[in-house]
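Presented below is the structure to which this report refers.
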Amino acid sequence: MSKAFESHQLGDATLKNRIVMAPMTRSRAYGPGQSPTELMATYYAQRAGAGLIVSEGAQPSAVGQGYPDTPGIHTAEQVAAWRKVTDAVHAEDGVIYLQLMHTGRVSHPTLIGQQPLGPSPVAAKGQVYTHEGPQDFVTPRELTDAEIKQTVQDYATAARNAIEAGFDGVELHGANGYLIHQFLAPNSNRRTDAWGGSPEARTRFAVEVTKAVVDAIGADKVGFRISPANPYNDIDESDIADTEATYTTLVSALAPLGLAYLHLMEAPEVRDLVLRLRKEWVGTFILNPFTGQEPTGPDALQLVEDGTADLIAYGSLFLANPDLPARLAAGGPFNTPDRASLYGGDEHGYTDYPTLG
């Protein structure tokens, strides 16, 4: 599996290998105003052996928060705190992008002090975890046209903040049932204006956000993440014809912008669509593959060898193995993730996983 351990050019950054640390919410931003901490800097620096680190999702505005203790990137103190994280990663010769994640309708008033916002006033089925425990999702307030445009600018401002904080780029989270995905999906976007009603209109918000961020920081510093047919957070993209139309339309609109990469989180039984989007995407293609195994293991590296993807993203295996590239090269062994310590807590299950050396 030599190709996965070769370097790869991503914008103006040279990645040391083709193994990506996928974005994973850890809910440990205990600093003032949801700021990163020294412990978070240690966590990311430990994993700087990745070719690329994509950080946990950071809210581009206060109303974008959807979970307790997730970091923001919309205040000066957050920017200053993130600088400690990026400095620590760069000191270890790592490359790190910040994921911008607005959770939209799957937030809760106890987290943001107001009704969550969404493309349409349609509540997601399920619950969100808050400091008061799990609570049912509420019906979001439909974004007005002016608020949509302001939200687009919030992303652009957050991207500028990320570069000021020392990140090598940003990833726009258009997956997993969060705000951009909510605009893409027909069950969460029931608008009949210019922002909904057809695949072309439902992709408009994603494209406008991307163009604004590109204008703010440059296309070579912008990645975009999608997850076609992923039902997480009550997204329904089960109509495969509509889903294919939506994502081919989206990729066709994004491709000419010259982005750093497209990052696809694969759902079951969509490999044909994955291959089609891979063919249409001219830039770097990152795949977080569905392998039928949990967690994704070393066999996924074959997808780099055969050209299915340029880079492979690992989630929970990276969480438990800070030196994952070295372990993949050696064929293991691999630490098992402690799922009880995934969200919140201290260094246990966060920075105390052993390395091979």
Side-chain angles (χ1 to χ4, degrees), residues 1-8 10 13-28 39-57 85-86 88-99 167-169 171 223 225 261 263-266 284-306 308-343 345 347-357:
M1 298 295 177
S2 60
K3 191 174 181 181
F5 300 97
E6 295 175 356
S7 63
H8 180 82
L10 188 72
T14 301
L15 310 185
K16 66 186 75 172
N17 56 56
R18 301 183 180 213
I19 298 164
V20 177
M21 177 178 168
M24 291 175 285
T25 294
R26 302 306 305 274
S27 292
R28 284 172 166 87
L39 192 63
M40 289 172 63
T42 299
Y43 168 75
Y44 284 111
Q46 287 177 341
R47 289 155 179 80
L52 171 67
I53 294 172
V54 184
S55 82
E56 62 206 276
V85 175
T86 60
V89 170
H90 291 149
E92 297 296 329
D93 196 30
V95 177
I96 183 168
Y97 273 44
L98 178 74
Q99 188 188 67
F167 284 95
D168 298 289
E171 176 179 281
R225 194 179 206 216
Y261 64 79
H263 182 182
L264 192 150
M265 181 176 178
E266 187 178 20
T284 295
F285 184 77
I286 304 175
L287 183 62
N288 195 169
F290 177 79
T291 62
Q293 301 175 350
E294 181 58 38
T296 302
D299 290 350
L301 297 179
Q302 179 60 39
L303 296 169
V304 175
E305 297 294 320
D306 66 20
T308 300
D310 297 304
L311 292 84
I312 293 294
Y314 285 87
S316 60
L317 205 62
F318 233 127
L319 176 155
N321 297 274
D323 56 346
L324 181 59
R327 289 176 183 266
L328 289 169
F334 301 101
N335 301 320
T336 301
D338 174 18
R339 299 203 169 273
S341 59
L342 289 182
Y343 307 112
E347 71 278 1
H348 176 68
Y350 190 57
T351 58
D352 63 348
Y353 285 103
T355 61
L356 286 175

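Predicted model only: the values in this text are computed from it and were never measured.
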Next on the checklist: As an exercise, state the distance from OH of Y353 to OG1 of T336, rounded to the nearest 0.5 Å.
Outcome noted: 8.5 Å
Next on the checklist: Using side-chain heavy atoms (C-beta onward) and a distance below 4.5 Å, is E6 in contact with V304?
Outcome noted: no
Checklist entry - Quick one: are T14 and V95 in side-chain contact, heavy atoms under 4.5 Å? => result no
Checklist outcome for this item: dist R47:CZ -> T355:OG1 (nearest 0.5 Å) comes out at 10.5 Å
Checklist entry - Would you say the side-chain atoms of D168 pair up with the backbone N or O of Y97, donor to acceptor, closer than 3.5 Å? => result no
Checklist entry - Can you tell me if D323 uses its side chain to pair, donor with acceptor, with the backbone of L356 under 3.5 Å? => result yes
Next on the checklist: Using a 3.5 Å distance criterion without hydrogens, assess whether the side chain of N17 forms a donor-acceptor pair with backbone atoms of A4.
Outcome noted: no
Checklist entry - Looking only at heavy atoms, what is the nearest atom pair of A88 and A45, with distance? => result O-CB, 3.7 Å
Checklist entry - Checking E266 side chain against F290 main chain: does a donor-acceptor pair fall under 3.5 Å? => result yes
Item to check | Taking every non-hydrogen atom, the tightest pair across H263 and A313 | outcome: NE2-CB, 3.6 Å
Checklist entry - Quick one: CD1 on I286 to CG on L264, what's the gap to the nearest 0.5 Å? => result 10.5 Å
Item to check | Residue pair Y44 / E56, side-chain donor-acceptor N/O under 3.5 Å | outcome: yes
Checklist entry - Does Y261 reach the side chain of L311, with side-chain heavy atoms less than 4.5 Å apart? => result no
Next on the checklist: Could you check whether R28 makes a cation-pi contact with Y43, meaning its NZ or CZ is under 6.0 Å from the centre of the six-membered ring and within 45° of the ring axis?
Outcome noted: no
Checklist entry - Do P337 and F318 have side-chain heavy atoms sitting under 4.5 Å apart? => result no
Checklist entry - Run the side chain to side chain contact (heavy atoms under 4.5 Å, CB included) check on F334 and L324 step by step: do they pass? => result CA-CA 8 Å; F334 301 101; L324 181 59; 3.8 Å; yes
Item to check | Side-chain donor or acceptor of N321 paired with backbone N/O of N335 under 3.5 Å | outcome: yes
Item to check | Atom of M24, atom of S316 and distance for their closest heavy-atom approach | outcome: SD-N, 3.7 Å
Checklist entry - Is there a side chain to side chain contact (heavy atoms under 4.5 Å, CB included) between L287 and I312 once you walk through the steps? => result CA-CA 5 Å; L287 183 62; I312 293 294; 4.2 Å; yes
Checklist entry - Looking at T284 and H8, what are the two nearest heavy atoms and their distance? => result OG1-NE2, 2.9 Å
Next on the checklist: I'd like to know if the side chain of E305 and the backbone of K3 have a donor-acceptor N/O pair within less than 3.5 Å.
Outcome noted: yes
Checklist entry - How about R225 and N288: do any of their side-chain heavy atoms sit closer than 4.5 Å? => result yes
Checklist entry - To the nearest 0.5 Å, how far apart are CG in L319 and OH in Y314? => result 15.0 Å
Checklist entry - Is D352 reaching over with its side chain to a backbone N or O of G349, donor-acceptor style, under 3.5 angstrom? => result yes
Item to check | Rounded distance (nearest 0.5 Å) linking atom NZ of K16 with atom CG of D93 | outcome: 4.5 Å
Item to check | Stepwise side chain to side chain contact (heavy atoms under 4.5 Å, CB included) check, I19 with L301 | outcome: CA-CA 8 Å; I19 298 164; L301 297 179; 4.2 Å; yes
Checklist outcome for this item: Of all heavy-atom pairs linking A300 and P289, the shortest is CB-CG, 3.9 Å
Checklist entry - Roughly how far apart are T291 OG1 and D299 CG, rounded to 0.5 Å? => result 8.0 Å
Item to check | Closest approach of S55 to P23 (non-hydrogen atoms, all atoms of both residues) | outcome: O-CB, 3.1 Å
